[in-house]
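Remarks on the structure that follows.
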Amino acid sequence: MPFREKKAWITLVTLALVLILFLVLMQFGAMNSQRFAIAHRILIAVITFVVVEAGLILLARQQSGEDARFPKDEREVLIDLKASRVAYIMFIVLTLLVTLVVLHVEGDTLGLGLHYLLAMVIAEMTRAITQIVLFRRDA
Amino acid sequence: MPPVPISNRIRELRAANGDMSQLALAKEIGVTRQTVNAIELGKYSPSLEVAFRIAAVFELPLEDVFQYQKD
């Protein structure tokens, strides 16, 4: 598997795991705690994601050898651009959806913020999935 | 996705050039091995610059490496 595809898998899996961990934490009483506590959990989730992703990418870089040291070529840049475009559309659709739902159902700012955050995470996961699909289809 | 109307003789030319590997060609033209494979299989159309670089490696004119198929 090429290094760039490995990187996309790492982003996807790490994001999914951190999201599941965060949702489990929220399920077990965190929603009832103070907003500061929720903000701290979000911060911990973001830091965990960055640290775990960076660690795994370093590991993948060591295993991939020469492949990882090679700069992105034109096909990989094109795949990145296509994936970013799909992720952007996904983010716009989800953001619009959250806004419309909040306008119809009386929601608080905390719920709104968490749903926008979820939209960002789903959009990033979409980007990674699109990259993987394009790498596999065009390989 | 519509099929790419450009065919090429890269695989044949690699074989004729002492069984040159995809990786060796990739290094010569500054792309990854996966990109060379995608070009060979007609799944990706390279930029004009990469196409010229490939032709230069085999010391052939561009039209001897890539062929455009009308319809």
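Here is the naming used below: chain letters follow the sequence lines, and residue numbers restart at 1 for every chain.
- Taking the side chain as every heavy atom from C-beta outward, B:Tyr44 and A:Leu78 approach each other to under 4.5 Å.
- For A:Tyr116, the OH atom sits in a packed shell: over 12 heavy atoms of surrounding residues, nucleotides or ligands are nearer than 6.0 Å.
- Here the CZ-OG1 distance, from A:Arg75 to B:Thr32, works out to 5.5 Å after rounding to the nearest 0.5 Å.
- Rounding to the nearest 0.5 angstrom, the gap separating the CD atom in A:Glu76 from the OG1 atom in B:Thr35 is 5.5 Å.
- A:Met90 and A:Val98 fall into different hydrophobic clusters, where Ile, Leu, Val, Met, Phe, Trp and Tyr are joined by side-chain heavy atoms under 4.5 Å apart, directly or via other members.
- Of the possible polar contacts, one joining the A:Glu74 side chain to the B:Ser47 backbone as a donor-acceptor pair under 3.5 Å is found.
- Put simply, CZ on A:Arg4 and CD on B:Gln34 are 9.5 Å apart, with the number rounded to the nearest 0.5 Å.
- Hydrophobic clustering (ILVMFWY, side-chain heavy atoms < 4.5 Å, transitive): B:Leu25 and B:Phe66 are in one cluster.
- Under a hydrophobic clustering in which Ile, Leu, Val, Met, Phe, Trp and Tyr are joined whenever their side-chain heavy atoms come within less than 4.5 Å, directly or via other members, A:Met125 and A:Val93 fall into different clusters.
- Both A:Leu23 and A:Val121 belong to a single network of hydrophobic side chains, linked directly or stepwise wherever heavy atoms of I, L, V, M, F, W or Y lie under 4.5 Å apart.
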